[in-house]
Amino acid sequence: MASTLKGRSFLTLFDCSTAEIEHLLELAEKLKQMKKAGEKHQYCKGKNIALIFEKTSTRTRCAFEVAAADLGMCSTYLDSKSSQMGKKESVRDTARVLGSMYDGIEYRGFEHEIVEKLAAYSGVPVWNGLTNEFHPTQVLADMLTIKEHFGSLAGRHLVYYGDARYNMGDSLMVGCTKMGMHYTVCAPEKYFPSGDLVDRCMNIAKRTGAVIDFMEDPYEAAKGADVIYTDVWVSMGEPDEIWEERIHDLVPYRVTEEIMAAAGPNAVFMHCLPSFHDLETEIGRSMHEKYGIDCMEVVDSVFESKASLVFQEAENRMHTIKAIMAATLGGK
Ligand code: CP
Ligand code: NVA
C-alpha cells in the first residue's frame, strides 16, 4: 500500500482511496505507539521540507515540525511576511524554486487553487495544511480519534453543527463519505455545502455505503449521533463584519448539554480547535462585550466534559501528519 502514496500530494481526501486512508490511519497508529514507546522512527532521514503558512497556526505548524524532526528531517518555516511568494514572486515560480531544494512542501493559506498550483509545478509531494475549501490533515486526525474511541469508522454517525460550507464541513463530508460513515449537516439552509461537492460525495457514497443528509433542527439532528462536531463560526481570512450575522444565525446551533443529551450517553464531542468556549481569548471577550454571549460554538461545560475528545484529537494531528509525510515521501 505504501508504494501507491509515494511521490503523491495530499490536497483533499478525494485524492486517496478508502484503502489508502485506512493505510494512513494504521501507519499513524503504529507511529503513535513507537513515539510513546520511545522507539526511533527516522524513516525520512536526510530529507528537507518547506512549511508555508499564509494564515496563523498552532497545531498544524507544530505537528509538521515535530513530525519532521521525529522522521529525521529538517524543516524551514516560511510566512507571508518573510518570503517572496505572492507579492514579489508567483506561486508557479516559488513552486519550482522550492521543489528544487526540498523533498516536500506544506501549504496553509487561502484559495485551494494555490495549493494545486504548488503541487502542479514543484515536482515534489505537497500537503494541504488548510485552504479556504479543505482541511484534510485535520480530518485524518479526526478519523484516527473516532477509530481509537469507537474501534471502527464505517456506519458511525457524525453530525456537524455550524458553517458547513467551509474547509471543515467540506472536508468532514468527504472524509465521512470515503469511510462509509453517516454525515449529517445541521445548520440553517444557507450554510449547507455546495451542490457540486454534495453531488460528488453522493456518487462516492453509492460505493462506500455512506449516508449524507441535511437537517435544520438541532435536537432532531443529534438523535443517535456518535459524534457531535463543530468549528468556529467565522474562519480565518473572513471579514470581522460577518460576526454579527453568524452569531444571529448560529446561536441556535451552539453545542450545548441539551444537544449532547439528545445524542445520547455514548456520544462524543469533537472540534478541530481553536475554540471559543469561554472568555479567555481576545475575540471571545470582544464578542461578550458586543453581544453579551459567554461562548460561541460550544458551551464550556461540553468542551470540558468527559465526552470531549478535543485534546486527543489535537495530539493526533501530529501522528497523522507524520504518517502522511512518511507515506508520500516513501519512508513507509
Ligand atoms: N486545527 C488546526 O488546524 O489548528 P491550527 O489552526 O492551530 O493549526
Ligand atoms: N474553519 C477554521 C478551521 C481552523 C482549523 C478556519 O479556517 O479558521
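We number each residue from 1, following the sequence as shown. We count ligands from 1, going down the list as the structure has it; atoms in each ligand are counted the same way.
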Any salt bridge between Arg285 and Glu282, counting N to O under 4.0 Å?
no
Protein residue, atom and distance nearest to atom 8 (O) of ligand 2, heavy-atom basis:
Met236 N, 2.8 Å
Considering heavy atoms of the protein only, find what lies nearest to atom 5 (C) of ligand 2 and give residue, atom and distance to 0.1 Å.
Leu273 O, 3.6 Å
For ligand 2, is there an N or O atom under 3.5 Å from any N or O atom of His135?
no
Determine yes or no for a side-chain-to-main-chain donor-acceptor pair under 3.5 angstrom, with Glu313 supplying the side chain and His271 the backbone.
yes
Who's touching ligand 1 if we go heavy atoms under 4.0 Å?
Ser57, Thr58, Arg59, Thr60, Arg108, His135, Gln138, Cys272, Leu273, Arg317
Please check this pair: side chain of Arg165 against backbone of Pro193, looking for a donor-acceptor N/O pair closer than 3.5 Å.
no
Short N/O distance, under 3.5 Å, between Arg108 and ligand 2?
no
Identity and separation of the nearest protein heavy atom to atom 3 (C) of ligand 2:
Asp231 OD2, 3.7 Å
Does anything in residues 28-44 pair up under salt bridge (Lys or Arg N to Asp or Glu O under 4.0 Å), and if so which pairs, sequence neighbours excluded?
Glu29-Lys147, Lys32-Glu148, Lys35-Asp70, Lys36-Glu315
Quick check: do His157 and Val227 have side-chain heavy atoms less than 4.5 Å from each other?
no
Answer yes when Arg246 and Glu238 have at least one side-chain N-carboxylate O distance shorter than 4.0 Å, and no when they do not.
yes
Taking atom 7 (O) of ligand 2 as the reference point, the nearest protein heavy atom with its distance:
Asn167 ND2, 2.8 Å
Just need the protein heavy atom nearest to atom 4 (C) of ligand 2, so name the residue and atom and give the distance.
Leu130 CD1, 3.9 Å
